[in-house]
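What follows is one structure encoded as C-alpha cells, with my remarks underneath.
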2 protein chains.
Amino acid sequence: MIRIDTKYLGSFLERMPTGLDEEVSKAQASLEQKNCKGSEYTGWVELVDSIDENLMAQMTEVSNEIREKAEALLVIGIGGSYLGAKAAMNFIGGDFPVYFLGQNISSHTWSQVREALKDKTFYVNFISKSGGTLEPALAFRFVRTLLEEKYNEEWHRYVVATTDREKGKLKGLADRLGITSFVVPDDVGGRYSVLTPVGLLPLLCAGVDVRSLMQGAKAEREDILSGQSDALQYATIRNALYRGGKAVEMMVTYNPALNDLCEWWKQLFGESEGKSSQGIFPASASFTTDLHSLGQFIQDGTDFLMETVLWVEKENEDFEIPRFDEDTDGLDYLAGKSLNWINEMASEGTMKAHLAGGTPNLKIIVPARDARSLGALFYFFEYACGVSALVQGVNPFDQPGVEDYKRSVKELLVKGI
Amino acid sequence: MIRIDTKYLGSFLERMPTGLDEEVSKAQASLEQKNCKGSEYTGWVELVDSIDENLMAQMTEVSNEIREKAEALLVIGIGGSYLGAKAAMNFIGGDFPVYFLGQNISSHTWSQVREALKDKTFYVNFISKSGGTLEPALAFRFVRTLLEEKYNEEWHRYVVATTDREKGKLKGLADRLGITSFVVPDDVGGRYSVLTPVGLLPLLCAGVDVRSLMQGAKAEREDILSGQSDALQYATIRNALYRGGKAVEMMVTYNPALNDLCEWWKQLFGESEGKSSQGIFPASASFTTDLHSLGQFIQDGTDFLMETVLWVEKENEDFEIPRFDEDTDGLDYLAGKSLNWINEMASEGTMKAHLAGGTPNLKIIVPARDARSLGALFYFFEYACGVSALVQGVNPFDQPGVEDYKRSVKELLVKGI
C-alpha cells in the first residue's frame, strides 16, 4: 500500500554499494526465520496476520464503558507506551478527548494536565511493562490523588492497566485491586507495540477504526511477503546513502497532522539503530514551516543530510484560493487553484532544489489520511527498521544506552549530587 | 544574567583549538564596529540600548484596543515573523488568546484555525517585510474572506500590518486602506527581529511584560560589553566541539514551556551558519520525554553530537511526591521530595551518563521563567550566533539557500510539473 518515489534521489540512486541488496535479503530472511539478533522480540512481525477477536471484544467493551461513563481518557506511559497512539490520533483525529501524561518530570506539565482534568470525569490507562519507570510511576502517584479525591475508595475502578502478563509492580497492583488489565506481549518491545493493546485500547477510546488499522498493517505485510512492498527498498536506500556519508535522516511532512508520526518514527529508528557508535541520526521537520528555519541549512549547510518526505496522496480537506478586486500580493495567478495542489508543487519544487544542493530526497507516499493507510505505514516502518538495523549489524530490539542514563539518574536520586 | 556550566564537558574542555579565543574576539570586534560580513543587518545589536518610548506607546495603544474589542489575535507570519513571539508565549504564558497562521500550505491547518476562529471576534497582525511571501500571503487571502464575512467593508479596520518602512506589497495595501502599520527596521533580519514590533506587538497583545523583556536584553548586552556574559564562551565552546567533529548540536529542555524557544533557536543558528557546505546542524529534544526516544542514540550512536541543556533555575510551579499506604511502585524513597528537584537530578544524571558515552554537555542556566530572563536569553543567543557564524567565516545575516527553493517552487507553480 505504501509506495516510494525515487525521482529526487538523482544520481545518488546510481551509486548503490555493491552487495547491499543481498545484505538486505539476508537480514529479512533472518527476521522471518527468527534467527536474527534479538529474535526473542520479533513477535510484532506476524502479530498482524490475524486479529485476536477475543482480545478485540474485551478492548471494545472497556473502551465503550470509558466513552459512555467518562468525559476523557488519560493515558499514562512513556516512549513506546504512548508515541504510537499519539501519532495515530494526530494523523486520523478522534471524537473523544485523550490526554497524555507521564512523559516527563515537569511540574509545568502536571499543572497543565491537572487543570485540564479537574472538572472532568475521566479514566486512566496506565501503560507500563514494569510499573516502576520513573516518569509514568510519578505521574500515576499524582493522578491517584486526583482519582481518590473524586471517587474515594472506588478510585481504582477508573484505572485500566496495560502491563506484563504475569510479573512487575503494575501487574501486582492490578491483581490486588482487581483493576482491569491488558497484556503487553512478552515478545514485542515498546517501540514495536502500537498494534498491541498498548496502542489499540487508547485508539478505540478515541474512536479510531482499529480494525481498519490492523487490516492495513496486514495488507502491507502481505505486500512484503509477495515482494510488492517498497519497505525493503526504503531500508536499502537509506543504508546506501548512509554508507555514502549521509548520517542524518530528516523526516519531512507537509501537513502537521503527520508531525507526531515523526516522533514515533524517531524513537523506532533512533533506538533500534543508534548503538555501537553508529546509526543514522533521526531528525524531523514540518514543511513548509521549517523551510524558513532549516531550509537554508538543508540547501547549503554541512553535507550529511538525507531527506525523506512523508506525503499523503488524498487529503481530507481542500480549499480554493480566493480572488479579490485587486491583486494586492501578486498571487492572482494562483486564484482558483487548490491549496493542496499548491502544497504539492511546493514539495516537488523543494525536493528538486534540495537535490540540486546535494541533499538526496526520497518520497514515501501514503494513500490517505485514514486508519487503513496508517496501519500499513506503521508496519512498513517497523519492518524496514528491523531490517535496516540488522544490515547495520546491531540488535534492533534492545536499548542498552537507555539503561545507562537510568542508572546514573537513579544514583543521584538516592544519594543526591 | 545567563550563565553556562561547563562541568559536563569533561575532557572536551581541555581540548580547545589554539587561537579560537582570538578568532572569537576578532569576530566580536567586527560585529560591534560594523565591519563584519553582512554588517548592514546588525541593527539588532544596539537596538536594546534604549526603549523607543514613542513606538512603545503606539504599540501599547493598538494592543489595548485589540484586547478590549476582540476575543483573540491572529498572527500571520512565517519564519522570523512568528517564531520569537510563539517562543515567548510558550515560555511565559499569556492571558489573551493568540493564534498563528501562514506558516505552511496545509489545508488541514487552515480548517483547524478557521474552526477555532469562526465564532470569535478577532484582529489580524499580518507580519511580512514584503507581503508577497507565499505562505502568509495565501493565509491572508483566506483570512480576508473571513473578515469580510464578519465586518463587510470595515474588514481592514481589524488588520494591523508589521512591514517595511516604505516599499513592498503589504505596505502598499496598508497605505491605500489606512491600515495601522508598524515598521520592521531595515537593518534587522527576520530571525533577529523578536525585539522589534515583529515580536513585541503580539506579545503586548498576549499580556507579556514587554518592558521587562527589553530590560533583560539590555542587561545581557551590558554584561557582554563589560565582559561578564557567557555568550562569547558559548560561541567558543560550540565551535571548539564542532572542530573536534561534533557536527550536530542538540538543544535540550526539561520543561515543555521551553520547546518553542528551541524552534526559534534552530532558525537563528541554522539559517545563520548553514552555508558554504558547513555549519553545526541544529536539532532539539524535550527531556525526559525524548530520552525514551533519542536517548539511546545520544548514549551509544554515531559520535557526532553535542548537547546543550537549557535549564530554568527557578520554576513557577512545584509539587511534592505523594505517599500512599503501600509502596506499589518502589518509589517511596522519593515521597515528600519536590518534583523540580527530581527533574534536576534527572538532568544531572543524564548529562553525566551522556558525557561518559562520549557526548559533551553544556548547560545554559536561565534565572527564571519570566520576561526579563527571556529577554536576556534572546540577546544571549543572537549575539553568540552572530559571533559564531562569523568565526565560521560566513555571513550570519543572509539566507541565499532559502531563495533557491523559493525559485524552484515558483517555477512549478507557474508552469506545473
Side-chain angles (χ1 to χ4, degrees), chain A residues 78-79 103-108 111 131-132 137 141 145 169 173 247 255 257 266-267 270-271 274-275 277-279 283 288-289 292-297 299-303 317-319 322 328-331 339-340 342-343 345-346 348-350 352-353 399 401-402 404-405 408-409 412-413, chain B residues 78-79 103-108 111 132 135 137 141 145 169 173 247 255 257 266-267 270-271 274-275 277-279 283 288-289 292-297 299-303 317-319 322 328-331 339-340 342-343 345-346 348-350 352-353 399 401-402 404-405 408-409 412-413:
Chain A
I78 195 163
Q103 292 91 42
N104 64 31
I105 314 174
S106 163
S107 51
H108 180 61
S111 88
R141 283 189 174 230
T145 57
K169 297 188 170 75
L173 179 73
N255 177 342
K266 276 150 85 169
Q267 188 205 19
E271 255 183 22
K275 45 199 78 159
S277 297
Q278 66 92 56
T288 59
T289 305
H292 297 252
S293 147
L294 297 170
Q296 168 64 38
F297 197 104
Q299 189 75 46
D300 283 343
T302 304
D303 221 14
E317 307 99 345
D318 201 3
F319 298 95
T328 58
D329 54 11
L331 295 180
L339 191 60
N340 290 344
I342 296 173
N343 207 18
M345 291 307 103
E348 294 284 326
T350 301
K352 203 171 162 183
Q399 51 283 331
V402 176
D404 287 353
Y405 96 82
S408 174
V409 170
L412 291 187
L413 286 175
Chain B
I78 195 162
Q103 292 92 42
N104 63 31
I105 314 176
S106 163
S107 51
H108 180 60
S111 88
E135 296 89 339
R141 284 189 174 228
T145 58
K169 297 188 170 76
L173 179 72
N255 177 343
K266 276 151 86 169
Q267 187 205 19
E271 252 181 25
K275 46 198 77 160
S277 297
Q278 65 93 56
T288 57
T289 307
H292 297 251
S293 143
L294 298 169
Q296 168 64 37
F297 196 104
Q299 190 76 45
D300 284 343
T302 303
D303 220 13
E317 307 99 346
D318 201 2
F319 298 94
T328 57
D329 54 11
L331 296 179
L339 190 60
N340 290 344
I342 296 174
N343 207 17
M345 291 308 102
E348 294 283 327
T350 302
K352 205 172 162 181
Q399 50 283 331
V402 177
D404 287 353
Y405 96 82
S408 174
V409 170
L412 291 188
L413 287 176

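Per chain, numbering begins at 1; letters A, B, ... match sequence-line order. If you're wondering where the values come from, they're calculated on a predicted model, not measured in any experiment.
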- Note on the structure: Result for side-chain contact (heavy atoms from CB on, under 4.5 Å) between A:Ser107 and one of B:Leu339, B:Asn343, B:Ile342 points to B:Leu339
- Spacing of CD belonging to B:Gln399 relative to NE2 belonging to A:His292, to within rounding of 0.5 Å: 10.5 Å
- Query: For B:Ala247, is it the side chain, the backbone, both, or neither that has a heavy atom closer than 4.5 Å to a heavy atom of chain A?
  - Reply: both
- Report the distance from atom OG1 of A:Thr328 to atom CG of B:Leu173, rounding to the nearest 0.5 Å. 5.0 Å
- Item | Top of B:Ala257, B:Ala346, B:Ser106 for chain A proximity - count of heavy-atom pairs under 4.5 angstrom | B:Ser106
- Task: With rounding to the nearest 0.5 Å, note down the distance linking CG in A:Leu413 to CD in B:Glu348.
- Result: 11.5 Å
- Message: Below 4.5 Å, heavy-atom pairs only: which of A:Ser277, A:Gly295, A:Gly131 has the largest tally toward chain B?
- Response: A:Ser277
- Euclidean distance, A:Gln278 CD relative to B:Phe297 CZ, rounded to 0.5 Å: 8.0 Å
- Message: A side-chain contact here means heavy atoms from C-beta on lying under 4.5 Å apart; do B:Val409 and A:Thr288 qualify?
- Response: no
- Item | Proximity breakdown for A:Asn340 and chain B, heavy-atom pairs closer than 4.5 Å | side chain
- Query: Which region of B:Glu135, side chain (C-beta onward) or backbone (N, CA, C, O), has a non-hydrogen atom less than 4.5 Å from a non-hydrogen atom of chain A, or is it both or neither?
  - Reply: side chain
- Task: Taking all non-hydrogen atoms of both residues into account, name the closest pair between B:Gln296 and A:Gly274 and its distance.
- Result: NE2-O, 3.0 Å
- Pairwise distance CG(A:Asp404) to CD(B:Gln299) - rounded to 0.5 angstrom: 4.5 Å
- Pick whichever of A:Asp329, A:Val402, A:Thr350 has the most heavy-atom pairs under 4.5 Å with chain B. A:Asp329
- Task: Indicate yes or no for a side-chain donor-acceptor contact from A:Thr289 to the backbone of B:Gln103 under 3.5 Å, with no hydrogens or angles considered.
- Result: yes
- Of the listed residues (A:Gly270, A:Ala283, A:Gly330, A:Pro322), which shares the most heavy-atom pairs with chain B below a 4.5 Å separation? A:Pro322
- Message: If you compare all heavy atoms of A:Ser293 against all heavy atoms of B:Gln267, which two are closest, and at what distance to 0.1 Å?
- Response: CA-CG, 3.5 Å
- Kindly write out the residues that satisfy side chain to side chain contact (heavy atoms under 4.5 Å, CB included) with B:Ser408, not counting sequence neighbours, or none if the list is empty. A:Lys352, A:Ala353
- Determine the option with the most heavy-atom pairs under 4.5 angstrom with chain A, choosing from B:Asp300, B:Leu331, B:Asn104. B:Asp300
